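Since the structure is predicted, the reported quantities are computational estimates derived from the model, not experimental observations.
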Amino acid sequence: MSDFRKLVKRMGVWRKYLFLLLLRSPFDALRTLLLANLMKSVFRCLEMDYSGALLKLGVGYGLLCAMLFGYNGLMWSEYAAFSAKVEIWLEKKMFDKILSLPLNRVDRCFSGEWITRLNSDIQAALTMMNGPMNIPHLAVAVINILLSCLLMRKSSLLFLGITWMFAIPQFVMNDRIVLKAIPKLKEESQNAMAENTSAIKPLITDADTILLYDAKELMMANCAKHSKRLMKINIKMHLRRAVSDVGMRLFGIGGYLTILFMGIRLISNGMMTFSDVVYCFQVRGSFLSGMFMLMTCLNNLKANSVCIKRIGGLYER
């Protein structure tokens, strides 16, 4: 994250970026609050036979949701314009920086290395800054998790404890299987992609020479070798993420069933009402959504940070 912060400060948009993040972040938390209270109010009306109040509840919460979505659309339109300007600035500065490098510095790298920097590295940096399931959604996930914990603690400390009991193993599994391995694999993938691009380029630019010396099979074998290496590295990354996703789903279902059985017991003992249990389920669903979003964002940030480091390294040399 330190390399990313340096890059954004170099662009001169650090304060504006933080301001837009803060304006966008409360949307999911406020939506969680609205939906949880709506579900609780609806079932409480049904329990107490106040069916006449359902229409008023629906209209009131519908207007609040419409205002919230209008606010969210306004914020994202501002964010989209900001993202477009940042993309233009970064691509121009990166291209100018490469052109200003000394010739011996350029010759030390394959042409595929520079093509990778101008394309995949810049896109990864922009994705990390503005893309889905990266820094913008990381801020959203953190606020949503905090609010969900506060709401559930107010309603049932037991359910909050059960939720965290199943959530902690998910964090540990994701950290051990994905977060610690992804940066190294991503760096290997970027290097393999650069080598693969360098191997493919002669087939396009020097096709006549390759045919003249009957080196087609040799060049194709070299391309296949680099492509196979790139494929194996990417498969390793996808497998680790898939195992982490399976673990998250299993722990999520386990927590759901545990709270369900505990809720039935509490209702039968008169310690909670059905509307309270529904409220806790709604808040727990928001908590899990925020947690899954947080894990996905952390995985993506770990992968994209490699590209940020490569861009920063170019400026420092």
What verdict does the side-chain contact (heavy atoms from CB on, under 4.5 Å) test give for Leu30 and Leu34, after you've listed the backbone C-alpha separation in whole Å, the side-chain angles of each residue and the deciding distance to 0.1 Å? CA-CA 6 Å; Leu30 293 174; Leu34 283 175; 5.6 Å; no
Please evaluate residues Cys280 and Ile259 with respect to the criterion side-chain contact (heavy atoms from CB on, under 4.5 Å), reporting the C-alpha separation (whole Å), side-chain torsions for both, the decisive distance (0.1 Å), and the verdict. CA-CA 9 Å; Cys280 289; Ile259 291 180; 5.6 Å; no
Assess whether side chain to side chain donor-acceptor pair (under 3.5 Å) is satisfied between Ser286 and Asn144, documenting all intermediate values. CA-CA 7 Å; Ser286 177; Asn144 201 21; 3.1 Å; yes
List the steps and the verdict of side-chain contact (heavy atoms from CB on, under 4.5 Å) for Asp28 and Met293. CA-CA 11 Å; Asp28 278 32; Met293 187 185 297; 4.0 Å; yes
Test log, rule side-chain contact (heavy atoms from CB on, under 4.5 Å), inputs Leu266 and Val277: CA-CA 9 Å; Leu266 292 173; Val277 176; 5.8 Å; no
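Considering only heavy atoms from C-beta on, Tyr61 comes within 4.5 Å of Ser41 through its side chain. Counting only heavy atoms from C-beta outward, the side chains of Ile267 and Thr273 never approach each other to under 4.5 Å. Residues Cys297 and Asn134 are not in side-chain contact: their nearest non-hydrogen atoms beyond the backbone lie 4.5 Å or more apart. You'll find the side chain of Phe287 stays beyond 4.5 Å of the side chain of Leu151, heavy atoms only. Here the side chains of Phe159 and Val283 are not in contact, with every heavy-atom distance at 4.5 Å or above. Between Leu150 and Lys154, every side-chain heavy-atom pair lies at or beyond the 4.5 Å cut-off.
Ala29 approaches Leu147 most closely through the heavy-atom pair O-CD2, 3.0 Å. Smallest separation of non-hydrogen atoms from Ile143 and Ser25: CD1-CB, 3.3 Å. Contact detail for Pro136 and Leu21: the closest heavy-atom pair is CA-CD2, 3.6 Å.
Put simply, the side chain of Tyr71 gets close to the backbone of Leu23: a donor and an acceptor are under 3.5 Å apart. Not a single donor-acceptor pair under 3.5 Å links the side chain of Asp276 to the backbone N or O of Met272. Distance alone, capped at 3.5 Å, places no donor-acceptor pair between the Ser289 side chain and the Gly285 backbone. With hydrogens and angles ignored, the 3.5 Å screen pairs no side-chain donor or acceptor of Asn72 with any backbone N or O of Leu68.
In this structure, Ile253 is a member of the same hydrophobic cluster as Phe166, with clusters built from ILVMFWY side-chain heavy atoms closer than 4.5 Å. No chain of hydrophobic side-chain contacts below 4.5 Å, direct or via other Ile, Leu, Val, Met, Phe, Trp or Tyr residues, connects Leu35 to Met67. Note: the hydrophobic cluster containing Met231 does not contain Ile233 (ILVMFWY, side chain heavy atoms under 4.5 Å, direct or indirect links). A single hydrophobic cluster is not seen to contain both Leu250 and Ile162; linkage of ILVMFWY side chains at heavy-atom distances under 4.5 Å, directly or through other members, places them apart. Tracing side-chain contacts under 4.5 Å through hydrophobic residues (I, L, V, M, F, W, Y), one reaches Phe251 starting from Met262; they form part of the same cluster.
Rounding to the nearest 0.5 angstrom, the gap separating the CE atom in Met291 from the OG1 atom in Thr163 is 9.5 Å. In this structure, OH on Tyr79 lies 11.5 Å from NZ on Lys16, to the nearest 0.5 angstrom. Distance check: Gln282 CD to Ser155 OG gives 12.5 Å after rounding to the nearest 0.5 Å. Distance check, rounded to the nearest 0.5 Å: CE of Met75 to CG of Leu22 gives 12.0 Å. Note: Cys149 SG to Trp164 CH2 = 5.0 Å, rounded to the nearest 0.5 Å. To the nearest 0.5 angstrom, Arg229 atom CZ is 11.0 Å from Asn234 atom CG.
A 6.0 Å sphere centred on CE of Met271 holds no more than 12 heavy atoms belonging to other residues, nucleotides or ligands.
Note on ring orientation: taking the six-membered ring where Trp is involved, the planes of Phe27 and Phe69 are perpendicular (angle over 60°, cut-offs 30° and 60°).
In this structure, the ring of Tyr256 has its center less than 6.0 angstrom from the ring center of Phe281.
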